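I have placed the structure first, in the form of structure tokens, so that the comments after it can refer back to it.
Residue numbers count from 1 along this sequence. The shown structure was predicted, so the numbers you read here are calculated from the model rather than taken from an experiment.
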Amino acid sequence: LFTLIPLAEEILFRGLLQGWLLEKSWFSKTSAGVSRANWLSSFTFAAAHVWQHALLLAPGYLAVSLVLGHFRERYRGIAVPVLLHGYYNLGLLLVSN
């Protein structure tokens with residue numbers, strides 16, 4: 001939970017999807033201070049979690065994903081988002097027990 005899931009999700013959503021979208025000029029532009037690539041990859045990330053969690057939690061997943069996407073763009077890679085995602089999951093695990 002702390003390492004493998006964040007690594008896999010960050011490779012997929014921030015590394016592959018967001019990275020690919022950032023190469024497209026339309027998606028590299030910002031809306032509300034956030035790249036369109038980040039918006040789309042974050043909506044996709046939130047939607048991917050709806051099957052496993054209540055729809056009510058989707059806005060929270062969207063917000064977390066937007067933050068992770070910001071750090072993906074700021075540091076031009078996925079190392080920081082992977083670490084943040086892992087610590088976020090660890091925090092959720094500690095709070096839920």
Side-chain angles (χ1 to χ4, degrees):
L1 181 68
F2 178 67
T3 56
L4 294 179
I5 292 172
L7 179 61
E9 288 184 343
E10 293 309 311
I11 288 171
L12 178 63
F13 291 102
R14 247 72 53 204
L16 296 175
L17 180 58
Q18 188 172 348
W20 178 75
L21 290 170
L22 285 168
E23 294 175 358
K24 314 300 179 219
S25 63
W26 191 83
F27 286 103
S28 64
K29 296 179 178 149
T30 61
S31 296
V34 177
S35 76
R36 293 174 182 165
N38 191 358
W39 279 113
L40 183 56
S41 62
S42 293
F43 274 111
T44 306
F45 179 84
H49 285 79
V50 169
W51 73 271
Q52 188 179 8
H53 304 282
L55 183 61
L56 184 63
L57 297 176
Y61 282 106
L62 177 65
V64 168
S65 185
L66 288 168
V67 170
L68 295 172
H70 165 77
F71 283 103
R72 185 263 183 253
E73 292 175 14
R74 181 174 180 181
Y75 293 103
R76 295 186 174 106
I78 64 166
V80 173
V82 167
L83 289 172
L84 291 173
H85 193 155
Y87 286 122
Y88 176 79
N89 284 4
L90 179 62
L92 288 177
L93 183 66
L94 294 174
V95 169
S96 67
N97 286 328

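Here the OG1 atom belonging to Thr3 is positioned 7.5 Å from the CG atom belonging to Leu7, to the nearest 0.5 angstrom.
Residue pairs meeting the ring-ring contact (aromatic ring centres under 6.0 Å, His included) criterion with at least one partner in residues 49-68, sequence neighbours excluded, are Phe45-His49, His49-Tyr61, His53-Tyr61. Identified under the salt bridge (charged side-chain N to carboxylate O under 4.0 Å, His left out) test for residues 2-22, with sequence neighbours left out: Glu10-Arg14.
Val34 forms part of a hydrophobic cluster together with Trp39, Phe43, Leu62, Leu66, judged by ILVMFWY side-chain heavy-atom separations under 4.5 Å. By the 4.5 Å side-chain criterion applied to Ile, Leu, Val, Met, Phe, Trp and Tyr, Val64 is assigned to a cluster that also includes Val67, Leu68, Phe71, Tyr75, Val80, Leu84, Tyr88, Leu92.
Arg72 meets the side-chain hydrogen bond (donor to acceptor under 3.5 Å, both in side chains) test with no other residue; sequence neighbours excluded. Under the side-chain hydrogen bond (donor to acceptor under 3.5 Å, both in side chains) criterion, His70 pairs with no residue at all, not counting sequence neighbours. With sequence neighbours excluded, the residues forming a side chain to side chain contact (heavy atoms under 4.5 Å, CB included) with Thr44 are Phe13, Leu17, Leu40, listed by chain and number.
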Listed pairs under 3.5 Å, donor-acceptor, residues 18-26 side chains, sequence neighbours left out:
from	atom 1	to	atom 2	distance (Å)
Gln18	OE1	Ser41	OG	3.4
Gln18	NE2	Gly69	O	3.2
Gln18	NE2	Glu73	OE2	2.6

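Both Leu94 and Tyr87 are members of a single hydrophobic cluster when ILVMFWY side chains are connected at heavy-atom separations under 4.5 Å.
The two residues Ser35 and Ser28 make their nearest non-hydrogen contact at CB-O, 4.3 Å.
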